[in-house]
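These notes are about the structure you will find just below.
Only this structure's heavy atoms are used, side chains among them; waters, hydrogens and symmetry mates stay out. Values in this document were obtained by computation on a predicted structure and should not be read as measured data.
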Amino acid sequence: RRTPLSLSFYPLRVPHNFFFETKEYINWIGTDYKIFSYKKGNQMHAKPANFITEKMGIDATTEFTCAFGSGKAVWMADRHGNIYRIDLSYGVVSKHKLPGITSGIENLLVTDAGLVYVSVTGQGVYEYHQKSQSLRKLPVSMFRTPVSSSFIDKYDKVWLQAGNEGIIC
């Protein structure tokens with residue numbers, strides 16, 4: 001006879017976000033239950049396993065607040081208003097310091113059109129244009145709790161969720 005496994009003995013949340021790389025993959029495990037792992041492009045196969053983290057100048061103690069993954073790039077943000085874009089094919093790392101952002105970035109959403117929606121703790125929601133490197137604050141009311149998830153619906157509307165609240169941009 002088997003005893004059922006009780007999950008109450010195991011923590012269901014990780015204590016902080018993890019970003020790490022191996023020789024073949026870029027990986028993210030988030031406290032928001034996001035997990036993604038992307039295969040590095042052929043151009044990076046001859047590079048050392050820590051190629052990207054070395055380029056970013058980070059180590060295992062660097063804390064990232066959130067991440068967004070697509071088939072071409074991984075985006076991450078930190079507590080100082082910086083956004084990092086990692087090209088999965090060549091390992092090119094772009095760091096974007098957003099002007100006027102002084103708090104931690106709590107959520108990122110990147111569209112196919114190159115718009116980055118950034119939710120900043122205590123400051124609001126912004127739209128960052130990659131090509132022009134311009135930033136504009138969106139006229140949306142602040143949430144009482146941090147933005148925990150975001151997505152684009154089938155009508156190309158951006159949704160932000162904070163606790164039980166949601167808003168369309």
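- A 6.0 Å sphere centred on NZ of K72 holds no more than 12 heavy atoms belonging to other residues, nucleotides or ligands.
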- In sequence, state the C-alpha distance, the side-chain angles, and the governing distance for K47 and K40, and then conclude on side chain to side chain contact (heavy atoms under 4.5 Å, CB included). CA-CA 10 Å; K47 308 287 185 195; K40 291 180 177 178; over 6 Å; no
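- Sorted by first and then second residue, the salt bridge (charged side-chain N to carboxylate O under 4.0 Å, His left out) pairs with a member in residues 115-125 form an empty list; sequence neighbours excluded.
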- Message: Please determine whether side chain to side chain contact (heavy atoms under 4.5 Å, CB included) holds for the pair I26 and F19, giving the CA-CA distance in whole Å, both sets of side-chain angles, and the decisive distance to 0.1 Å.
- Response: CA-CA 8 Å; I26 295 172; F19 168 71; 3.4 Å; yes
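- At a threshold of 4.5 Å between non-hydrogen side-chain atoms, the residues I152 and D112 do not count as touching.
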- Test side chain to side chain contact (heavy atoms under 4.5 Å, CB included) on Q43 and S89 and set out the steps. CA-CA 6 Å; Q43 303 297 326; S89 298; 5.6 Å; no
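- In summary, the side chains of T121 and E106 do present a donor paired with an acceptor at a separation below 3.5 Å, with no hydrogens or angles considered.
- Relative orientation of the F64 and Y84 rings is perpendicular, given thresholds of 30° and 60° on the angle between their planes.
- Surrounding NZ of K97 are more than 12 heavy atoms belonging to other residues, nucleotides or ligands, all under 6.0 Å away.
- Between H96 and Y128, the two ring planes are perpendicular [angle over 60°; tilted spans 30° to 60°].
- Dense packing is recorded around NZ of K55, with more than 12 heavy atoms of other residues, nucleotides or ligands lying under 6.0 Å away.
- Contact annotation: the side chain of I86 approaches that of M56 to within less than 4.5 Å [non-hydrogen atoms, C-beta and beyond].
- Atom OH of Y126 and atom CD1 of I105 lie 10.0 Å apart (nearest 0.5 Å).
- Contacts of F51 classified as ring pair (Phe, Tyr, Trp, His ring centres under 6.0 Å), with partners at least two apart in sequence or in another chain: none.
- Under the rule for a side-chain hydrogen bond (donor to acceptor under 3.5 Å, both in side chains), the partners of S150 that lie at least two apart in sequence or sit in another chain are N107.
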